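Structure record follows, encoded as structure tokens.
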Amino acid sequence: MISNQIKRLIVIAGPTAVGKTDFAIKLAQYLETEIISADSRQFYKELNIGTAKPSPKELSLIKHHFIGSHSIHDYYNVAQFETEVLNLLDSLFKKYNEVIMVGGSGLYIDAVCNGIDELPDVDEELRQELNEIYEEEGITAIQEKLKFLDPEFYETIDKSNPKRIIRALEVCIATGQKYSEQRSNKNKERSFEIIKVGLNKDREQLYERINLRVDQMVSSGLVEEATGLFESRHLNALNTVGYKELFDHFLGNITLEKAIEKIKTNSRRYAKRQLTWFRKNESYKWFNPNELEEVIDLIKRT
RNA sequence: GGUACCAUAGCUCAGUUGGUAGAGCAACGGACUGAAAAUCCGUGUGUCCCUGGUUCAAAUCCAGGUGGUACCA
């Protein structure tokens with residue numbers, strides 16, 4: 001009976017600190033289902049306070065996936081996430097008609113919803129080589145390389161963004177083909193339907209919540225957590241708001257007070273970037289986090 | 001109560017011999033397919049405290065008021 005029904009993925013997205021975790025748990029309780037986290041920092045088992053992971057109590061209420069599922073020492077990327085989530089959904093949809101995916105990492109959500117092109121993973125050595133060229137010879141050096149290897153892509157790319165340029169170069173060099181020719185610009189077919197819910201609040205209220213939450217993180221021991229991770233600060237997983245500012249303080253560059261202030265500022269900016277990402281996607285229906293009933297209505301009607 | 005100094009963007013402040021204003025931070029808008037809490041691009045948002053005066057023209061000079069700070073009583 002259950003297996004004949006249409007399967008649906010309910011995506012809950014929105015800026016940091018808007019109240020996604022709590023909302024998703026309530027919705028999961030109503031739908032009697034499980035939650036997949038789409039948060040590129042909550043994957044890491046070593047990061048807890050600074051990533052605002054659901055609490056042990058919250059985790060005991062509803063089964064969560066991709067919370068603390070990986071280590072900061074392991075390489076991880078969006079494509080792996082897409083594969084792992086699709087596999088997981090296969091099994092979850094055998095038990096449930098609806099599954100919830102909640103998170104703030106737009107790229108990761110899109111990879112699950114629309115798919116991502118099959119391109120080679122990063123070759124660490126090649127990336128390092130290109131980074132060295134960038135650091136030693138400047139952005140012009142890598143711009144010129146890309147202009148030569150993939151002029152079409154070079155024309156459309158953000159030319160002052162070194163990470164974009166280096167990624168495109170990696171693909172061109174690793175495959176011997178142009179990056180632009182390997183991108184399909186097509187969404188992959190999914191065997192399930194997707195309902196996208198965006199959560200947002202008044203900007204002023206959101207910022208108050210962000211500021212308050214940072215203070216709470218500090219009282220819960222964020223500084224101590226960061227101290228324990230100081231030796232790992234070079235890892236990509238720790239290029240993260242809440243940690244990098246404290247590392248800067250440990251290095252003696254800024255006061256603790258200043259570091260905390262910067263965590264707040266950087267969190268606000270992160271929230272803004274998240275909103276930019278989600279807003280341009282017209283398939284999101286927007287709600288205030290206190291509108292659980294309205295979202296349930298939407299799910300029933302759709 | 002008296003004297004001095006100050007009042008310009010959300011904040012801290014610049015502003016020349018009078019020609020309706022600009023820096024840092026904050027903020028705002030955007031881009032983004034294997035680093036994405038990353039990375040990158042763009043944008044001054046103003047009753048120059050108020051009222052009156054001088055002047056072709058006032059943030060700027062003058063008078064008064066209001067608010068603040070310091071010192072003296």
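Letters A, B, ... are given to chains in the order of the sequence lines, protein chains preceding strands, and every chain is numbered from 1. Since we're looking at a predicted model, the values are computed, not measured.
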When you compare [N] with [M], how far apart are their [atom1] atoms, in angstrom units rounded to a whole number?
N     : M     : atom1 : result
B:A9  : B:A31 : P     : 32 Å
B:G65 : B:G46 : P     : 32 Å
B:A26 : B:A63 : P     : 41 Å
B:G34 : B:G30 : C1'   : 24 Å
B:A4  : B:C48 : C1'   : 23 Å
B:G19 : B:G15 : P     : 13 Å
B:G22 : B:U60 : C1'   : 16 Å

Give the rounded distance in Å between these two atoms: [atom1] of [X] and [atom2] of [N].
X        : N     : atom1 : atom2 : value
A:Phe153 : B:U33 : CZ    : P     : 8 Å
A:Gln80  : B:U33 : CD    : P     : 19 Å
A:Lys178 : B:U33 : NZ    : P     : 20 Å
A:Tyr270 : B:A38 : OH    : C1'   : 10 Å
A:Asn266 : B:C25 : CG    : C1'   : 13 Å
A:Phe278 : B:A36 : CZ    : C1'   : 11 Å
A:Glu82  : B:A36 : CD    : C1'   : 16 Å
A:Glu261 : B:U12 : CD    : C1'   : 14 Å

Which listed nucleotide ([options]) is nearest to the side chain of [X]?
X        : options             : value
A:Arg279 : B:U33, B:A35, B:G29 : B:G29
A:Lys272 : B:C28, B:C40, B:A35 : B:C28
A:Thr276 : B:C41, B:U33, B:A31 : B:A31
A:Asp158 : B:C41, B:U39, B:U33 : B:C41
A:Asn239 : B:A38, B:G34, B:A35 : B:A38
A:Trp277 : B:U33, B:G34, B:C41 : B:U33
A:Arg273 : B:A35, B:A31, B:U33 : B:A31

Answer yes if the side chains of [X] and [Y] hold a donor-acceptor pair under 3.5 Å, and no otherwise.
X        : Y        : answer
A:Asp110 : A:Tyr108 : no
A:Asp39  : A:Ser105 : no
A:His65  : A:Glu34  : yes

Determine, for A:Glu82 against A:Arg190, whether the closest basic-nitrogen to carboxylate-oxygen distance falls under 4.0 angstrom. yes
Do A:Arg8 and A:Glu193 meet the salt-bridge criterion of a basic N to acidic O distance under 4.0 Å? no
Which is true for [X] with a 4.0 Å heavy-atom rule: it touches a base, it touches only sugar-phosphate, or it touches nothing?
X        : value
A:Thr51  : base
A:Arg127 : base
A:Asn185 : base
A:Asp39  : base
A:Asn187 : nothing
A:Gly50  : base

Check this one for me: any side-chain N or O of [X] less than 4.0 Å away from OP1 or OP2 of [N]?
X        : N     : result
A:Tyr108 : B:A36 : yes
A:Lys264 : B:A26 : no
A:Arg164 : B:C32 : no
A:Tyr179 : B:G34 : yes

When A:Leu169 is tested against each of A:Ile133, A:Leu126, A:Leu146 for side-chain contact (heavy atoms from CB on, under 4.5 Å), which residue passes?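 The passing option is A:Leu146.
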So if you build clusters from Ile, Leu, Val, Met, Phe, Trp, Tyr with side-chain heavy-atom gaps below 4.5 Å, do A:Ile67 and A:Leu222 land together? no
Classify the side chain of A:Arg269 versus the base of B:A27 as yes if they form a donor-acceptor pair under 3.5 Å and no if they do not.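 Side chain to base: no pair below 3.5 Å.
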Could you name each residue pair satisfying salt bridge (Lys or Arg N to Asp or Glu O under 4.0 Å) that touches residues 121-142 of chain A, not counting sequence neighbours?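 Non-adjacent pairs meeting salt bridge (Lys or Arg N to Asp or Glu O under 4.0 Å): A:Arg127-A:Glu170.
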Counting C-beta onward and ignoring hydrogens, is there a side-chain heavy-atom pair between A:Ile35 and A:Met101 closer than 4.5 Å? no
Taking C-beta and beyond as the side chain, do A:Asn281 and A:Phe278 meet within less than 4.5 Å on heavy atoms?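 Not in contact.
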Counting only heavy atoms and a strict 4.0 angstrom limit, can you tell me which residues of residues 202-237 of chain A come near RNA chain B? A:Arg203, A:Tyr207, A:Asn236
Secondary-structure notation, RNA chain B, from Watson-Crick and G-U pairs under 3.5 angstrom (| other strand): (((((((..((((.....[..)))).(((((.......))))).....(((((..]....)))))))))))).
For A:Gln205, look at atom CD and say whether over 12 heavy atoms of other residues, nucleotides or ligands are found less than 6.0 Å away.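 Yes.
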